[in-house]
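Below is one structure, written out as structure tokens, with a few remarks after it.
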Amino acid sequence: MQRSPKTRAVGFTRILNFFTTLQTTGPKPTQSNLLKTSCVDQDNEVVPFNNRSLTETSNAYASLLRRCIERKSVSEIRRIQLHMTKSGFPHLSLGNKLIDAYLKCESIEDARKLFDEMPQRHIVTWNSMIASYIRHKRSQEALKLYQMMLPEGVLPDEFTFSSIFKVFSDLRLLPEGRKAHGLLVVSGLEVSNLFVGSALVDMYAKLGKLRDARLVVDRVMEKDVVLVTALIVGYTQHGKDGEALEVFRNLVKEGIKANEFTFASILIACGNLEELGKGKLIHGLIIKSGFESVVASQTSLLTMYSKCGLIDDSLKVFDRFVNANQVMWTAVIVGLVQNGREELALSIFRRMIRSSINPNSFTLSATLRACSSLAMFEQGKQIHGRVMKAGLDKDRFAGAALIDMYGKCGNIEMARSVFDALVEIDVVPVNSMIYSYAQSGYGHEALKLFNRMRDMGLEPNDATFVSVLAACSNAGLIEEGLNIFSSIRSNPTIDLSRDHYACVVDMLGRAGRLKEAEILINQVKKPDVVLWRTLLSACRIHGEVEMAKRVMNGALELEPGDEGTHVLLSNLYASTGNWTQVIKMKSTMREMRLKKNPAMTWVDVDRGVHTFMAGDWSHPRSGEIYEMLDSLIEKIKDLGYVPDTRFVLQDLDEKEKERSLYYHSEKLAITFALLSNSNKNTCIRIFKNLRVCGDCHTWIKFVSKVARREIIARDAKRFHHFRDGLCSCGDYW
DNA sequence: TTAGGGTTAG
């Protein structure tokens with residue numbers, strides 16, 4: 001008959017009470033009178049002992065310990081241990097069992113204390129202790145125990161080896177790992193025990209020693225799925241996706257059945273290589289093998305689809321899965337952000353929170369990236385709150401994303417305060433900070449941080465150089481930028497990319513050193529259209545029509561249908577008053593069906609985003625906006641504002657040109673913000689898809705003075721912070 | 001009585 005837990009508990013207590021009563025009421029218990037007077041039978045009921053043997057008593061204790069494990073009760077194990085000691089029972093003879101019980105009840109400290117008291121320990125006990133430390137991610141302590149074994153005359157066995165290699169990879173102790181590998185080869189365990197073999201492969205793989213990992217796999221005669229999967233994982237985690245696929249093919253060829261672990265890893269390789277066909281094949285195999293309800297392989301599956309750009313298929317996998325965990329929710333959000341579906345990513349994030357799934361640093365950094373792409377400052381601040389709540393404000397991934405978000409929203413002070421709070425800094429948050437400075441035109445700050453990197457023990461990488469060059473370019477720090485550029489050229493660890501060249505071309509071009517910029521582009525092996533377009537835009541700034549024609553040819557050779565190139569040249573003709581060429585360009589563009597991106601400005605007012613286009617009357621408060629704008633223009637004209645009609649790219653008379661300038665999208669947006677912002681102390685933030693025009697730049701400077709408001713404008717390239725009639729860019733942009 | 005491989009990132 002099955003007894004209820006309650007009766008079982010009573011039985012347990014009765015046994016201990018019996019022992020205890022014996023101690024307190026009877027003569028001082030000795031081992032012999034304990035053995036003579038009591039024992040427990042199979043059912044754990046107390047029965048008279050009647051000369052039972054030591055073995056039988058020990059069986060009784062063992063039986064009690066099993067009950068403790070079932071009930072996961074550490075305190076009861078402690079009571080038993082205490083009882084053994086007090087009653088004079090040689091408790092260390094059951095030490096291995098006691099330790100096993102403590103470990104199964106997750107009390108490593110009790111186990112370790114007893115372990116240290118034991119004069120002799122069984123190899124099983126050593127192994128259990130070590131495995132427990134590893135399970136609890138206490139690699140340092142596991143390593144110390146392992147290192148105690150040999151001096152104490154205990155030889156590690158196959159169980160020891162199958163756990164200990166994880167310690168070497170966790171603590172990145174390759175020489176120690178190799179030493180242990182040597183012991184294995186001598187013992188012959190390397191190729192004969194699959195547990196040992198796969199642990200060894202896993203260590204080499206995690207330490208990036210993939211050749212060693214592969215050699216071990218090759219030496220094992222009878223391979224199994226775990227061994228081969230460890231190698232596949234190693235390849236995918238080190239960007240060797242092609243090799244992972246090849247190992248997978250061999251696995252199939254050798255008739256080894258892949259399981260959910262294998263599928264989870266091989267799908268990553270398919271995703272990284274954008275091998276949709278192979279990915280779909282694996283999807284079929286997952287269904288056939290019945291692993292559709294395993295969360296990790298389904299997570300990899302949805303990531304594979306999103307990396308191949310099939311975001312709808314990715315969402316289908318997610319929607320079908322009922323018990324998505326934190327990682328799966330995160331994976332779908334990350335996929336959406338990577339595919340430019342930021343709004344949906346944010347809405348799924350809100351669903352995740354409603355479902356009481358906590359975000360982690362992966363989730364929050366993806367969500368923050370969504371906010372920065374959409375320039376959602378308010379939302380970004382809220383996510384910052386969540387980062388703090390999750391205790392991740394010192395995390396370098398979340399930190400880098402926060403710095404990016406604040407940087408892209410133009411709040412350089414917040415970006416810096418997040419940066420200063422980071423504890424473990426690596427190159428990425430530093431890059432984010434330098435890039436934030438670059439966008440806001442704080443070139444000197446960017447350089448200061450860049451120069452401090454080596455003192456911080458950090459090596460700048462290619463992204464660092466792109467950021468610092470952009471900072472020099474935006475701040476007009478030409479000589480500093482060129483010095484850095486030549487230092488990259490002599491740095492063998494950095495591959496100069498087109499991004500680096502683009503920064504320098506932009507830097508030289510804006511400074512009017514067009515010839516040098518052109519020479520530089522001609523040094524690039526395969527210049528792309530972006531490089532030519534960068535130079536073309538410099539030609540436009542400096543009115544260099546002849547060079548522009550040459551540059552345009554360079555650009556159109558690469559991409560005949562690039563609308564940006566056509567628009568730039570057409571604007572250049574317009575700014576020099578060459579209307580015949582403008583008309584010609586426009587008809588060419590019509591023939592080629594190229595459309596000009598219309599200029600748009602977004603403004604974040606009282607937690608709502610409002611969009612404006614030039615001369616736009618679609619906003620419900622347009623009447624008030626235009627009225628206020630006209631009076632604002634009259635006011636600043638008195639202070640010296642003169643409309644700069646050079647920025648009108650249409651063939652109109654002077655008066656008409658002025659009128660067309662007045663209603664540019666950024667002017668409408670700012671006027672609307674002035675009209676409606678409830679808190680007059682907050683700064684106005686506007687975002688523009690193209691670059692801000694020169695006339696609007698002057699206009700905003702005046703408005704920041706008369707309205708006594710700080711105005712932050714992010715255009716296609718950078719930020720302008722307007723305050724009291726001045727702009728942070730120093731009119732250089 | 002003790003043992004091996006997995007999912008999300010800039």
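Model, not experiment: these values are computed from the prediction. In what follows, every chain begins at residue 1, and chains take the letters A, B, ... in the order their sequences are listed. Note: hydrogens, waters and symmetry copies are ignored here, and every other heavy atom, side chains too, is used.
- Between A/Gln338 and B/dA9 there is a side-chain polar atom (N or O) within less than 4.0 angstrom of OP1 or OP2.
- Distance A/Met129 CE to B/dT1 C1': 14 Å, rounded to the nearest Å.
- Rounded to whole angstrom, the span from the CZ atom of A/Phe261 across to the P atom of B/dG5 amounts to 8 Å.
- Atoms CG (A/Leu194) and P (B/dG4) sit 13 Å apart, rounded to a whole Å.
- Taking the six-membered ring for Trp and the full ring otherwise, A/Phe450 and A/Phe465 have centroids separated by under 6.0 Å.
- The salt bridge (Lys or Arg N to Asp or Glu O under 4.0 Å) test with A/Glu176 is passed by exactly one of A/Arg178, A/Lys179, A/Arg172: A/Lys179.
- At least one side-chain nitrogen or oxygen of A/Lys206 sits closer than 4.0 Å to the OP1 or OP2 atom of B/dG6.
- At whole-Å resolution of the value, CD in A/Glu292 and P in B/dT7 are 20 Å apart.
- For the pair A/Leu302 CG and B/dG6 P, the computed distance is 19 Å after rounding to whole Å.
- One finds a side-chain N or O of A/Gln237 lying less than 4.0 angstrom from the OP1 or OP2 phosphate oxygen of B/dT7.
- Remark: A/Arg135 is in phosphate contact with B/dA3, judged by side-chain N or O atoms under 4.0 Å from OP1 or OP2.
- The base of B/dG4 lies outside donor-acceptor range of the side chain of A/Asn193, with no N or O pair under 3.5 Å.
- Here the nucleotide nearest the side chain of A/Ala264, chosen from B/dA3, B/dT8, B/dG6, is B/dG6.
- An OP1 or OP2 oxygen of B/dA9 is reached within less than 4.0 angstrom by no side-chain nitrogen or oxygen of A/Arg369.
- Atom CG in A/Leu145 sits roughly 15 Å away from atom P in B/dA3 (whole-Å rounding).
- For A/Glu260, counting side-chain heavy atoms from C-beta on, the closest listed nucleotide (B/dG6, B/dA3, B/dG10) is B/dG6.
- Taking only distance into account, the side chain of A/Thr160 never meets the base of B/dA3 through a donor-acceptor pair shorter than 3.5 Å.
- Ranking B/dT1, B/dT7, B/dG5 by closeness to the A/Lys104 side chain, first place goes to B/dT1.
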